[in-house]
Every structure is written in C-alpha cells, then in structure tokens.
Q: 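Okay, here's the structure, questions in a sec.
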Amino acid sequence: MSDLTSRTDVPTTSTGRRVPDKVGLEGLEESWSQRWAELGTYTFDRTRSREEIYSIDTPPPTVSGSLHVGHVFSYTHTDVVARYRRMRGAEVFYPMGWDDNGLPTERRVQNYYGVRCDPSLPYDPDFTPPHEGTDGKTIKASDQVPISRRNFVELCERLTVEDERQFEALWRRLGLSVDWSMTYQTISAEARAVAQQAFLRNLERGEAYQAEAPGLWDVTFQTAVAQAELEARDYPGAFHRVAFHGADGPVHIETTRPELLPACVALIAHPDDERYQHLFGTTVTTPLFGVEVPVLAHPAAEPDKGAGIAMCCTFGDLTDVQWWRELQLPTRSVVQRDGRLLRETPEWITSPEGRERFAALAGKTTFSAREAVVAGLRETGDLDGEPTPTQRKANFYEKGDKPLEIVTSRQWYIRNGGRDEELRTALLERGTELGFHPEFMRVRYANWVGGLNGDWLISRQRFFGVPFPVWYALDADGEPNYDEPLRPTEDQLPVDPSSDVPAGYTADQRGVPGGFIGDPDIMDTWATSSLTPQIAGGWRSDPDLFARVFPMDLRPQGQDIIRTWLFSTVVRAHLEHGSLPWSDAAISGWILDPDRKKMSKSKGNVVTPMGLLEEHGSDAVRYWAASARLGTDAAFEIGQMKIGRRLAIKVLNASKFVLSFGSADEEPSLDPALVTVPLDQAMLAGLAEVVEQATAALESYDHTRALELTETFFWTFCDDYVELVKDRAYGEGAGAASARAALSLALDVLLRLLAPVLPFATEEVWSWWREGSVHRAPWPTSEPLRAAAGDASFATVTAAGAALAALRKVKSEAKVTMRTEILAARLEVPAAQLASVEATVDDVRAAGRAVGTLEVVAADVEQAVAVDVELGESVKRGA
RNA sequence: GGGCGAUUGGCUCAGUGGUAGAGCGCCUCGUUCACACCGAGGAGGUCACUGGUUCGAACCCAGUAUCGCCCACCA
C-alpha cells in the first residue's frame, strides 16, 4: 500500500495493464479523493529543508460566508501551482485555514444560538445556549442571552466546525492537494496567541501605539474603521448657503452639513484669496448659536470650492481634522458615537438663545438635527436662498450603510508608513522585491502605500475577536494609566484581559481604584489575517517548522485585497522578520456573470460550487478555471466546462486505446531505443518542444499557456498521429514496436503534463498501467524525448497530418464514410513537405484507406490536396 | 481628476512588427472494430476609431471612444 506514497523519481517498470472495458469520469472524484486521503498522497514531509520545500500561504476562506464559484476558480489556480511544484520535486507545504474571525461569524453565532457577547461577564463552563440551529431566523437583540467572550468563542468554534466540514468536502471533491491534517482557524487559541504575541512585540519595539485622535467612525457598528475598509460612495446632499455674522456684515459659507454648525471652530480661506484678506484675523459669530470663531488662512482651502471660505467643524471631514491639527483649533465635537448629537448643551455655547437652540437639537440624529438647523436658519434669515441638491462622495465602512462620522477616540495603531517617510520607503521597496503575477498588479500596491494618510488602525470596539492582551493599572481615583499597559508574558498567551488577571493583581481588584481594568477592544480581523504565514507556519509553537517554510514562496489571493491582506501581511513580516512574507504573489481575477458584472449574490445568479462539480465533474470545472490567466477576469462559462469534460473523457478513451496495442500480457514499453520510425520520432520531437514550453510557462506562473500548449498537442496527437500509426501499431515487427513505444512514451508524458489541471482523469489512467500516483511522479523533461527523437522534426507529423486531411476531405466532400477506400489518387503537397510525406506515406495510406496507387508530387499549393481521386465503393449507412 | 486593464469571427479567448488563429456555436456529411460526453469537412473577421513611425502595424507611438477596476475628490 505504501507504494503510492513513495516518489517515483524514475519511471517504474510497468506491471502490465488493468484497463477497464468501459471508461468514464463518473465516480472518479469520490474514489480518488478517498484513496489520496488513505494513502497520504499529499502528506507534507516536514523533515525536508527550506530549499526543498515550496510553501503556500493559502487564503483562509470565511467559513460563515457562502461558497462561491469564485472560490473554486482561484483555489484551482493555486492547486495547479501546488501540483506542478510537487511534481517538480518540491515538498509542498499547502495547509488550509478557516477564517472564522470577525463580523460575519459574530452575527451568525448570535442568531444561531440566540446569544450576544458581553466581555464584562465571567466565563461559564457549563453554559448551554438557549437556541440551537434556528434555521436562519433572526433573534431580536433583546432576546439574546449575554455571555462571556470565552463562551462566545466556544460557540463560534462549535458552529464553524460544520461550515469547515462543508468547505473541506468541496475542496476534496475539487481535488485540492492539501494536507488535510494541517488546518488552522483564525479564532483558534493558537491564532489568538500568535496575533497577541506579534502585537506585544510591535508594542515593545514601538511599532504599535495608542493614540487619542479623531478618526473615522461607523455609527451603526459603533466602531472605528481603518482606511483600508473605506469605500467612497455617492451620497445625496445639498449645499446650504449660510450667513455668519461679521463686524462688517454677513460672511457667507456653503456647507452640506449645517447640523455641524454648533461644532464650528473657525472659518478658513486660502491665504491668497483676495476676497477674504480683510477678514483674516477678525472673528465672526455663528448663526443660531452665537459662538465667536476666528477667520483664518490655510492653503488647504480651495478658493473655487463652494464660497471659497469654509466652515471648519470638529469634525465634518478629514480636511477639518487637518485644519484642527495644524491651526491648533479647539475641539468642539457634537456628534456622539451613536450618531446622535450631544444630549447636553456644550459649555462653549454661552448665549441663552444659542443654548435654547441647541437644547432643541440635543439627542437628535444628524439627519433630524440637519432639518431642525435648516428650519432655524430660515427663521432667522441666515439661510441664503434654498439648499441646492448635489451628489457628493462620502466615506462609508464597506459593511455599513451610513456615512462615517469623525469622532475622537483612543485607538491602537501599528506603524505602516502612513506617517513615516522612512518606513513608507522601506515598504515600497518590499513591494518591488515581491514577484507579482501578473506584473501589472504591482502598481496597486505602490498606489496604496504611496497614498496612505495615517497609520494602521487595528482596534475595533466590537466584542468577538482577538482581544488586546493588555490591562491598565487604575490610580487612586480609578483613572487608568494608558501610558504603561500591563502586559502578559508570551508563554501566558492567549489571554483575555476581560477575564484573565494581570500579574501582581487579584480578580477582585478589577475595576476598583488602585486595581486594574482590561483593554476592552479587539483587534481588526486583518490584524490576525496579516499573520497567516506565522499562524500556518508555526512561528510561535513550532519554530522548527517555521524555519522550514518561512519566508513562504507563494501568496495566492484576489486583487481586491491587495491593499488589505497583502499589504498588511507585508507590514507584519517586515516589522517582525525584516523580510517579505513570501517571494511571489499570484493574483486571481473576478468571475463575471454573462452581463460582465462581478458575480454576486444580489444578482441572483449564484451557482453552488458543489452542484457545479457534480454536474460537470471536477476536472471539467478545474479546466474552466485553469483556462483563465492570473489577474484576468473570467466569464462564468458552462461551455468551457464542457470542453474540459470532453478533454478529460478523451484522455480516458485515448489512453485506453493506446494501452490496447500489443498482446494482453505484454507490458507497454517505454524504451526510447525502440522508436526508430521517422514519424514516431517526429511526434516525440514535437512533444519535447511542448514539455519545454509548458515548463517555462508554469515557471512564470502562466498555467493557461501551459495548458493550451499541452491541450493542442494532445488533440493533434489523437486526431492525426494516433490515426496515422494505429494500423502499424496493430502489426508486428520493428515498425509496430516503434509505434507502440512512441505511443506509450507520449502517453506517459502527456498524463503528467495534464495532471495538475485534470488530477482525476490522469490519476485514473495512471493507475491502469503505472505504479504510484501521477501526482508524485516527476514532472517530465524533454531530454529523453529528444534522445528518442534524434534530429526529427515535428513538421513531419504536420505534413503527414495534412496529407491525411487531404484524403479525408475528398471523402467528406463526396459524402462517403471515412472507411471508403481510395483506389487511386495523386497527392499534391508543398515542396517543403514532400520529403516528410514520402517518408510517412505508408502510414498516410493506411490511415486514409488508400489501397491503390498513391502518387505524391510537389506542387505549388499551400496545403496538401488530393486530386484525380478514384474512390472505391462507399460503405453506406446500415450496409 | 490620476492610474491600471480590456476592446480580434455570433460567444469565450489566444496571438505583441512580416500574407488573421483556436474552441464553442453554425452549415454539410459520416459512425456499431478507443471515444455520440464521437469523427471528418466547411462557412464566418476592413483585429473599437483617428493620426503617426515603418518597406511592412492587430502588434510600436500619440490621441479619441466604450467597458471594468483601483486611488483621489467630501466646504
């Protein structure tokens, strides 16, 4: 049994043939995926050295998300690479991860079990959820039972087991050559420990820091949002022309956010703007609220925008933040974290009328506050004209549906070059060291890094996720000391500061003066996902393994997450290891539906991947995926899968035929010395060329070109070469032996060339006549083929094929069966092909049933043509 | 506004300086001896547009248009 796991570095001696009478694709996925599992065909051998290993940082799919054909598409690309590298002799490290961290899982667990995470609660080891599997029904927040973070994580792990099973079943059926004993989960204790350890080291080196600063905030999810998660969307708004009161009369500004009037801290115009020179240095008062604010000059003000003079509020947009910071303006925030205005009138509004105005707005949403402010401005006559509707761009959290507000909060950041020229340059340099496939994806990295405007915000005010592993000492007044966080040691990780206690404290000191509190926040999912090489490679728990796989060779991923996953992984590896996380990145494109739109659930055209595999067969679906080059969007095309299916079936049938020659007890010979006939040598010469070109293509991550070359050769091999030699191969003697050896040699090579794309059909055929797995067989090289071919040229096969086609054409035009004999004919061939056709004329005769005289002459023709043909009696249908 | 990619037969895509290619679809025909999940033959394109370079351009250069995506733009 162990023979299938052993490497076949040299062609094994064949042990005869076990070709079934009937061949087909049905059932190959089940039987082979099971056998591969039993035999450990893809088991990773961790004794190999770094030089012998090819390691892949596979994207962990979000298990709570739905399975999508896009997954099948891009994971097939990776598997083709993995199988190729394995056959090239590398030990492939190809673990699968499950991403069960983050909002999608949080929501599912809430609904599935009817619970809600409350990190302030203690762990309950005997907790039983109130519901179990509520069939997608949403449980109202008020009905959800609050539980500790640890209980919540346990439920998550329980729920995702089922999701993972489904994914694994799909991947096995698709034929991913993953070592299934090596999977990881992004919410596992190990992943949490890795994320916390990496964070603590960042903290120690000063790469992670806390800051109280204005930042983008989602009022629905009530969490801070990072630059990478922004999405600019069109959002309807209106310009309001509003009068401020100056000493010399009104000063008009235009704003889309009149509700921020109470948060106004200054009016700002460009220093060169002549219209406002006389106002610089003076003050004006805000309408309605009567707050005195200065008129200031700043170059970021654009004279041709709006009125040319802007109202600076804390905070309406990122320009406000810039002005606030650079002009050292006061902070007068009125929008709270829930998206509503302050409930109490702020102290900077002093006039009784202003305080009354604000009191009427207190606690309102920004939307109703805006209506109220506009009504007020109308009343006082400070609204000049009517609001003009406009379509503006606003920043949204990619999962949210309300525009982001800017609020001040204490957050954790990791330095990513966003405010540090030296680090930015270093990270841009890393980008140039990384091999992007395709190359043009590189600019997306450079654009993103070049456009960063701040460090990486990694803290989230959510409940489910990896907690920050720090506590803060409370002083005698109960105020936390944020400057010196209390840290665990690395061997204590993972910790949950909401239930674990820092060294030197006892549990009853939590939250009391002189005691401590835990950091309430969790890390952004990218803070964990950016460490997949470290998690999968055993950075923390298995340094021996890590040394053998890191830095990894390949990161396959989608183009949409270059700015997030790819970049953040580069940042973490750069900071922790001073290296790239991998040498190459393979970027897959989108799947487009027939309307050329990205396939999505909302379009209602989602096809379940398992259904696709069941209907068309895995090899067929893989063929479709492998036909699309990296970085190129591909159409979801059933037709392409049918072509793949046809190819897989042809592989089975042609192989069966090739293996049928010779007597049953005779072993197919792979002896190149037997190949003596020019046509056979010419075919092998062509195959040698294909091997070289396909190998070069795969080395440069161009699996599509490799497949195309192989496939084209394979069809020519079947349609022309096999047809030409089959009569001879049926016979006896040196000619027959030559044909049979050439057929076997070609089959042996073609199966290996096709194995990465069609793992099931090729393995099935391999099992008929060879030992071991084709997927552990060595990738073919051209040398043995060239040795057998001598100086023969594939042009001979082309010429003979063209001659055969000319004979077929006569019969096709005469509408007779191909078995009709040709009693006499003259073949006119291009002069350059004359020698080739003459050398192969016996095979051409046999294949064309040219039993009588066949004269071959050179003529001024572009392609071989048969003239003066005398056909024998047509074999009619049913005759 | 800046950038990246795409634009080739009805469809999906190759082709990156030397007389337009493949597969699917279509048309005609054939077939129990590997394969009807088959085979043979055939029709079908001024290579988005305009200009330039060149003996010669689908391919190089400049510009235009359309589509997709990334980034920026929130007064």
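Letters go in sequence order (proteins before strands), and every chain restarts at 1. What's counted below: heavy atoms across the whole structure, side chains too, no hydrogens, waters or symmetry copies. Remember, it's a predicted structure, so these values are computed and weren't measured experimentally.
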Q: From the options B:A14, B:G68, B:C74, select the nucleotide whose nearest atom is closest to the side chain of A:D633.
A: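 Nearest to the side chain of A:D633 among the choices is B:G68.
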
Q: Would you be so kind as to tabulate the donor-acceptor pairs closer than 3.5 Å made by side chains of residues 298-312 of chain A, with sequence neighbours excluded?
A:
residue: A:H298; atom: ND1; partner: A:A300; partner atom: N; Å: 2.9
residue: A:H298; atom: ND1; partner: A:W323; partner atom: NE1; Å: 3.0
residue: A:H298; atom: NE2; partner: A:E326; partner atom: OE1; Å: 2.8

Q: If I take atom CZ in residue A:R257 and atom P in nucleotide B:C74, what distance separates them, rounded to the nearest angstrom?
A: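 Distance, rounded to whole Å: 14 Å.
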
Q: Say we look at B:C69 and B:C26: how far apart would their P atoms be, to the nearest angstrom?
A: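 It comes out at 33 Å once rounded to the nearest Å.
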
Q: Using the C1' atom as the reference point in each nucleotide, state the distance between B:C49 and B:U66 in Å, no decimals.
A: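 Per the computed distance, 11 Å lies between those C1' atoms.
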
Q: According to the Watson-Crick and G-U wobble definitions, with both distances under 3.5 Å, which nucleotide is paired to B:A22?
A: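 With both distances under 3.5 Å, B:A22 matches B:U12.
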
Q: With no hydrogens and no angle check, is any side-chain donor or acceptor of A:K402 less than 3.5 Å from a backbone partner on A:V219?
A: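 The answer is no, because no donor-acceptor pair under 3.5 Å joins these two groups.
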
Q: Which whole number of Å gives the distance between the P atom of B:C24 and that of B:G39?
A: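 It works out to 9 Å between them.
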
Q: Considering only side-chain heavy atoms of A:Q559, which listed nucleotide, B:G42, B:C69, B:C74, is closest?
A: B:C69

Q: What is the distance, rounded to the nearest whole Å, between atom CG of A:N653 and atom C1' of B:G39?
A: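 In whole Å, B:G39 C1' lies 13 Å from A:N653 CG.
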
Q: Please answer whether the main-chain N or O of A:L758 pairs with a side-chain N or O of A:R622 as donor and acceptor at a distance below 3.5 Å.
A: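 Checking the backbone N and O of A:L758 against the side chain of A:R622, no donor-acceptor pair under 3.5 Å is found.
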
Q: Just jot down the ring pair (Phe, Tyr, Trp, His ring centres under 6.0 Å) partners of A:H77, sequence neighbours excluded, or say none.
A: A:F73, A:H703

Q: Under a 3.5 Å limit for both distances, which nucleotide forms a Watson-Crick or G-U wobble pair with B:C59, could you say?
A: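 Base partner found: none.
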
Q: Between A:T390 and A:R705, which residue's closest nucleotide on RNA chain B lies nearer the 5′ terminus?
A: A:R705

Q: Both distances under 3.5 Å, Watson-Crick or G-U wobble: report the partner of B:G41, or none.
A: B:C27

Q: Scan residues 231-244 of chain A against RNA chain B and write down, sorted by residue number, each residue with any heavy atom closer than 4.0 Å; if none is found, say none.
A: A:A232, A:F239

Q: Quick one, which residues of residues 721-730 of chain A touch RNA chain B with a heavy atom under 4.0 Å?
A: A:E723, A:Y730

Q: For the side-chain contact (heavy atoms from CB on, under 4.5 Å) test, which of A:D384, A:V242, A:D382 pairs with A:H252?
A: A:D384

Q: Test your reading of the model: is there a side-chain donor-acceptor pair from A:T76 to the backbone of A:A626, 3.5 Å cut-off?
A: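 Not a single qualifying donor-acceptor pair exists.
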
Q: Counting just side-chain N and O atoms, does A:R819 come under 4.0 Å of either OP1 or OP2 of B:G30?
A: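 For B:G30, neither OP1 nor OP2 has a side-chain N or O of A:R819 closer than 4.0 Å.
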
Q: Side chain to side chain donor-acceptor pair (under 3.5 Å) with A:E386: which residues, sequence neighbours excluded?
A: A:R378

Q: What's A:S660 touching, base or sugar-phosphate or nothing? Going by heavy atoms closer than 4.0 Å.
A: nothing

Q: Check whether any side-chain N or O of A:R424 sits under 3.5 Å from a backbone N or O of A:G417 as a donor-acceptor pair, and report yes or no.
A: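 Judged by distance alone, yes, a pair lies under 3.5 Å.
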
Q: Tabulate atom names and distances for all N/O pairs under 3.5 angstrom spanning the protein and nucleotides 18-25 of chain B.
A:
residue: B:C24; atom: OP1; partner: A:R646; partner atom: NH1; Å: 3.3
residue: B:C24; atom: OP1; partner: A:R646; partner atom: NH2; Å: 3.4

Q: Expected output is a numbered-order residue list: members of residues 800-808 of chain A with a heavy atom under 4.0 Å from any atom of RNA chain B. What is it?
A: A:A805, A:R808

Q: Report which part of the nucleic acid A:W715 touches: base, sugar-phosphate, or nothing (heavy-atom distance under 4.0 Å, all strands).
A: sugar-phosphate

Q: What pairs with A:F315 under ring pair (Phe, Tyr, Trp, His ring centres under 6.0 Å), at least two apart in sequence or on another chain?
A: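 Ring pair (Phe, Tyr, Trp, His ring centres under 6.0 Å) check on A:F315 returns A:W324.
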
Q: Could you pull out all residues at least two apart from A:F760 that satisfy ring pair (Phe, Tyr, Trp, His ring centres under 6.0 Å)?
A: A:W36

Q: Can the positive tip of A:R233 be found less than 6.0 Å from the middle of the six-membered ring of A:F396, inside 45° of the ring normal?
A: yes

Q: B:A58 and B:C47: how far apart are their C1' atoms, nearest whole angstrom?
A: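 Approximately 4 Å lies between the C1' atom of B:A58 and that of B:C47.
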
Q: Considering only atom C1', compute the distance from B:A65 to B:G9 and round it to an integer number of Å.
A: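 Per the computed distance, 22 Å lies between those C1' atoms.
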
Q: Please determine whether a side-chain nitrogen of the Lys or Arg among A:R257 and A:E405 lies less than 4.0 Å from a carboxylate oxygen of the Asp or Glu.
A: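 Yes.
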
Q: Taking CG from A:D719 and P from B:G39, how many angstroms apart are they, rounded to a whole number?
A: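 Computing the A:D719:CG to B:G39:P distance gives 6 Å.
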
Q: If you pin A:R645 and A:S627 to their nearest nucleotides in RNA chain B, which one's is more 5'?
A: A:S627

Q: How far does the P atom of B:A34 sit from the matching atom of B:C29, given to the nearest Å?
A: 26 Å

Q: Specify the separation, in whole Å, of atom CG of A:L630 and atom C1' of B:C13.
A: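 It works out to 16 Å between those atoms.
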
Q: Taking A:H270 for the side chain and A:D272 for the main chain, is one N or O donor matched with an acceptor at less than 3.5 Å?
A: yes

Q: Rounded off to whole Å, could you give me the CD-to-P distance for the A:Q693 and B:A14 pair?
A: 18 Å

Q: Taking A:I822's backbone N and O only, do any of them form a donor-acceptor pair with A:K811's side chain (distance below 3.5 Å, no angle check)?
A: no

Q: Return the value, rounded to whole Å, for the distance between atom CD of A:Q227 and atom C1' of B:C70.
A: 13 Å

Q: Mind checking the P distance from B:G5 to B:C74? Whole angstroms is fine.
A: 27 Å

Q: Does A:E862 have more than 12 heavy atoms from other residues, nucleotides or ligands lying within 6.0 Å of its CD?
A: no

Q: Once you apply a heavy-atom cut-off of 4.0 Å, does A:K650 come out as touching a base, just sugar-phosphate, or nothing?
A: base

Q: Side chain of A:R563: nearest nucleotide among B:C4, B:C71, B:G39?
A: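 Closest nucleotide among those given: B:C71.
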
Q: Please work out which residues in residues 299-321 of chain A have a non-hydrogen atom less than 4.0 Å from an atom of RNA chain B and list them by number.
A: A:A300, A:A301, A:E302, A:K305, A:A310, A:T319

Q: Could you tell me whether A:E764 and A:R18 make a salt bridge, using a distance below 4.0 angstrom between a side-chain N and a carboxylate O?
A: no

Q: What distance, rounded to whole Å, do you find between the two P atoms, one in B:A40 and one in B:G18?
A: 30 Å

Q: Side chain of A:K815: nearest nucleotide among B:C4, B:U28, B:U12?
A: B:U28

Q: With a 3.5 Å distance limit and no angle check, can you tell me whether A:R808 reaches the backbone of A:M818 through a side-chain donor-acceptor pair?
A: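 No; zero donor-acceptor contacts below 3.5 Å.
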
Q: Are any of A:K811's side-chain N or O atoms less than 4.0 Å away from OP1 or OP2 of B:G39?
A: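 For B:G39, OP1/OP2 do not have a side-chain N/O of A:K811 under 4.0 Å.
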
Q: Starting from P on B:C38, measure out to CE on A:M818 and report it in whole angstrom.
A: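 In whole Å, B:C38 P lies 17 Å from A:M818 CE.
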
Q: Can you pull every protein N or O that's under 3.5 Å from an N or O on nucleotides 60-62 of chain B?
A:
none

Q: Whole angstroms only, please: what is the CD-C1' distance between A:Q863 and B:G42?
A: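 Answer to the nearest Å: 13 Å.
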
Q: Taking A:D560's backbone N and O only, do any of them form a donor-acceptor pair with A:R563's side chain (distance below 3.5 Å, no angle check)?
A: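 It does not hold such a pair.
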
Q: Please round to the nearest 0.5 Å and tell me the distance separating atom CG of A:L566 and atom CG of A:L434.
A: 6.0 Å

Q: Just to verify, what does A:F436 make a ring pair (Phe, Tyr, Trp, His ring centres under 6.0 Å) with, not counting sequence neighbours?
A: none

Q: Using only side-chain N and O atoms of A:R444, determine if any of them is under 4.0 Å from OP1 or OP2 of B:G2.
A: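 No, no such contact exists.
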
